[in-house]
Structure formats: structure tokens, C-alpha cells
Novice: 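I'd like to ask you about the structure that follows.
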Amino acid sequence: MSNFEVARRQKQEPTATLLVRAILCLVLFLAGIVLIGAGGSDAGAASPYLFVGGILVVGLSFGLPMIGATER
């Protein structure tokens, strides 16, 4: 068996900061889904850019909480 343990944070961030970051990530995720949908449904010249932009925004929404994270 492995001895997996979660690395504890030395200093917990304030609750307001965590809440704002979580809401921001949710908004970015939803905006990315909207961009992907807009890029996939339209046949205009900008649709590939909207689609790729949506993928990048969704990726950012998952990557934003990782800022400052350290590996044990």
C-alpha cells in the first residue's frame, strides 16, 4: 500500500479570497462553454477563433486555482 498524504498548507488563505476565486473560476468556465457553443454553431469567419478561445478559457478556469500550488 502507498502512504499517500495531502500536503497541508502552512497558512490558510482568507475565506473571502477563496470564495472570489471559486466564483471567478465558475464564471470563466461558463463563459468558455458559451464561447465553444457560439463557435460551434456559427459558420462565420470568427467561429474557429471563438471555439479555440473557449477551450483556452475553460483551461484557464481549471488552471487558475493551481497558481501557487506546490508539489511535495
Side-chain angles (χ1 to χ4, degrees):
M1 292 287 179
S2 66
N3 294 328
F4 179 77
E5 294 180 16
V6 176
R8 300 281 180 204
R9 288 182 180 236
Q10 298 298 330
K11 183 179 122 184
Q12 181 68 28
E13 295 177 351
T15 304
T17 303
L18 296 175
L19 182 65
V20 168
R21 186 182 298 163
I23 291 172
L24 177 66
C25 290
L26 177 65
V27 168
L28 281 174
F29 179 77
L30 293 176
I33 295 297
V34 168
L35 284 174
I36 289 172
S41 65
D42 189 19
S47 63
Y49 300 113
L50 289 175
F51 189 81
V52 171
I55 291 174
L56 292 175
V57 170
V58 168
L60 178 66
S61 73
F62 282 106
L64 188 63
M66 300 297 174
I67 293 176
T70 58
E71 186 176 343
R72 245 183 348 137

Novice: Can you measure from CG (Leu24) to CG (Leu19) and round to the nearest 0.5 angstrom?
Specialist: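 Rounded to the nearest 0.5 Å, the CG-CG separation comes to 11.0 Å.
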Novice: Per the side chain to side chain contact (heavy atoms under 4.5 Å, CB included) rule, which among Val34, Leu28, Leu26, Val27 passes with Leu30?
Specialist: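 Result for side chain to side chain contact (heavy atoms under 4.5 Å, CB included) with Leu30: Leu26.
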Novice: Return the minimal non-hydrogen interatomic distance between Leu35 and Val57, and the atom names on each side.
Specialist: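 That closest heavy-atom pairing would be CD1-CG2, 4.2 Å.
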Novice: What are the two closest non-hydrogen atoms of Phe51 and Gly40, and how far apart are they?
Specialist: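 Nearest pair, atom of Phe51 first, then Gly40: CD1-N, 4.3 Å.
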Novice: According to a hydrophobic-cluster definition based on side-chain heavy atoms being under 4.5 Å apart (Ile, Leu, Val, Met, Phe, Trp, Tyr only), do Tyr49 and Ile36 belong together?
Specialist: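 No, separate clusters.
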